[in-house]
Colleague: 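Have a look at the structure that comes next, please.
Being a predicted model, the structure only gives us computed values, none of them experimental.
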Amino acid sequence: MNIVTRRNLKNSIITISMVCATVAVLVPLGLIFFHIMKMGASSINLDFFIHIPKPTGETGGGMANGMVGSALLIALASTIGIPVGVFGALYLVEFGGSRISNTVRFAADVLSGVPSIITGMVAYTLLVVPMKGFSALAGAVALSLIMVPIVLRTTEEQLKMVPGSLREASLALGVPLWRTSLKVTLRSATKGVMTGILLAIARIAGETAPLLFTALGNQFWSKKLTEPIAAMPLQIFNFAIAPYEDWHKLAWAGALVLVTIMFGLSLTARYLGRSRQQS
């Protein structure tokens with residue numbers, strides 16, 4: 001067997017292995033999405049989006065309070081997590097060689113690997129117990145703890161891709177370092193930063209375990225941030241384990257809506273990341 005034949009054989013083996021690996025990833029994903037679509041599409045209607053769940057024994061209802069609650073929790077978590085992650089990434093880029101920055105980077109890596117249920121337990125200890133009650137605020141803090149390391153690490157990588165000549169030119173013109181970081185470095189990496197933020201939002205949108213310890217859930221509309229609040233992942237979990245067929249249908253419908261939202265966020269993040277690479 002000559003060298004050319006041997007190389008072609010190796011190339012064919014690697015190509016087939018890559019195709020098999022791709023199929024192994026796509027087939028389970030497609031089967032899951034198809035099954036959720038099959039089970040939940042029939043329950044998607046206008047009532048699902050504008051009504052709250054009906055009492056036990058009554059048919060119909062929806063998850064309007066859960067969708068609003070999830071949106072509120074994500075907004076609160078983003079208000080906490082995005083600034084911390086972005087400014088933390090700016091610090092790591094500008095002072096990357098210090099001992100403190102190495103500690104922050106290590107802490108972010110460890111935090112990103114902590115199971116979400118542990119994050120919920122921490123938020124329960126720090127907020128729920130002192131406040132003597134479950135609340136939307138505690139749920140948002142728990143989600144923000146998951147969000148911070150994702151935003152921080154992705155933003156840091158994007159900021160590192162900004163050419164150093166831009167920063168040097170700004171500093172040479174007498175612009176202060178803090179203004180250079182915000183107006184030049186961060187602005188140049190806006191698309192990449194948005195990609196990381198969207199990925200973080202997609203991650204926390206489907207989290208259930210932290211909310212079981214913090215937000216708890218609510219069958220009705222929540223009026224205060226210091227009260228338990230409904231969320232789609234919590235409602236899906238509670239309805240899925242309930243012995244009522246109508247609630248099972250709502251759970252499948254909620255799963256379909258939630259997966260579709262996460263899929264859309266992931267596609268948007270991919271689009272922003274690709275457009276940044278092309279530019």
Side-chain angles (χ1 to χ4, degrees), residues 27-78 116-117 119-120 123-124 128 131 133-140 142-143 146 198 201-268:
V27 169
L29 178 63
L31 291 175
I32 292 173
F33 190 77
F34 174 77
H35 187 67
I36 294 176
M37 178 76 71
K38 176 183 176 182
M39 299 297 294
S42 60
S43 299
I44 299 293
N45 49 44
L46 183 61
D47 289 343
F48 178 85
F49 295 98
I50 63 176
H51 291 159
I52 64 174
K54 294 288 186 180
T56 304
E58 296 187 17
T59 59
M63 289 188 176
N65 58 337
M67 288 184 283
V68 174
S70 290
L72 181 60
L73 287 172
I74 292 174
L76 290 174
S78 299
S116 60
I117 192 170
T119 305
Y124 174 86
V128 176
M131 295 173 62
F134 300 94
S135 64
L137 182 60
L143 294 180
I146 301 174
L198 290 176
I201 291 175
R203 164 71 188 279
I204 66 173
E207 286 292 344
T208 306
L211 301 182
L212 290 172
F213 287 89
T214 53
L216 186 63
N218 194 338
Q219 288 291 93
F220 307 98
W221 293 103
S222 302
K223 299 180 181 179
K224 298 179 181 180
L225 297 180
T226 55
E227 296 178 349
I229 191 172
M232 286 195 69
L234 287 175
Q235 288 185 323
I236 294 171
F237 173 77
N238 291 327
F239 289 177
I241 63 176
Y244 310 111
E245 185 63 27
D246 290 335
W247 283 13
H248 292 170
K249 293 179 180 179
L250 285 178
W252 282 113
L256 177 58
V257 172
L258 189 60
V259 168
T260 302
I261 293 173
M262 297 174 64
F263 185 68
L265 289 173
S266 299
L267 284 181
T268 304

Colleague: Nearest heavy-atom pair of Ala142 and Ala123: which atoms, and what distance?
Modeller: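 Nearest heavy atoms, Ala142 then Ala123: CB-CB, 3.7 Å.
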Colleague: If you compare all heavy atoms of Leu73 against all heavy atoms of Ala140, which two are closest, and at what distance to 0.1 Å?
Modeller: CD2-N, 3.9 Å
Colleague: State which residues pass side chain to side chain contact (heavy atoms under 4.5 Å, CB included) with Ser135; sequence neighbours excluded, sorted by chain then number.
Modeller: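 Ser135 satisfies side chain to side chain contact (heavy atoms under 4.5 Å, CB included) with Met131, Leu137, Ala138 only.
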Colleague: With side chain to side chain donor-acceptor pair (under 3.5 Å) as the rule and sequence neighbours excluded, what pairs involving residues 57-68 come up?
Modeller: Asn65-Gln235
Colleague: Would the distance check show the side chain of Thr119 and the main-chain N or O of Ile146 forming a donor-acceptor pair, the cut-off being under 3.5 Å?
Modeller: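 Here the side-chain-to-backbone pair does not exist.
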Colleague: What closest approach, in Å, do Met63 and Phe239 show between heavy atoms, and which atom pair accounts for it?
Modeller: CE-CD1, 3.6 Å
Colleague: In residues 38-49, what donor-acceptor pairs under 3.5 Å come from side-chain atoms, sequence neighbours left out?
Modeller:
from: Asn45; atom 1: OD1; to: Asp47; atom 2: N; distance (Å): 3.2
from: Asn45; atom 1: OD1; to: Phe48; atom 2: N; distance (Å): 3.0

Colleague: Side-chain atoms of residues 207-228: list all donor-acceptor pairs with protein atoms under 3.5 Å, sequence neighbours left out, distances to 0.1 Å.
Modeller:
from: Glu207; atom 1: OE1; to: Ser116; atom 2: OG; distance (Å): 3.0
from: Glu207; atom 1: OE2; to: Arg203; atom 2: NE; distance (Å): 2.9
from: Thr214; atom 1: OG1; to: Pro210; atom 2: O; distance (Å): 2.7
from: Asn218; atom 1: OD1; to: Phe220; atom 2: N; distance (Å): 2.9
from: Asn218; atom 1: ND2; to: Ser222; atom 2: OG; distance (Å): 3.4
from: Asn218; atom 1: ND2; to: Pro228; atom 2: O; distance (Å): 3.2
from: Ser222; atom 1: OG; to: Pro228; atom 2: O; distance (Å): 2.9

Colleague: Under 3.5 Å, which donor-acceptor pairs do the side chains of residues 249-268 form with other protein atoms, sequence neighbours left out?
Modeller:
from: Thr260; atom 1: OG1; to: Leu256; atom 2: O; distance (Å): 2.7
from: Ser266; atom 1: OG; to: Met262; atom 2: O; distance (Å): 3.0
from: Thr268; atom 1: OG1; to: Gly264; atom 2: O; distance (Å): 2.8

Colleague: Report the residues that fulfil side chain to side chain contact (heavy atoms under 4.5 Å, CB included) with Ala242, sequence neighbours left out, ordered by chain and then residue number.
Modeller: Tyr244, Trp247
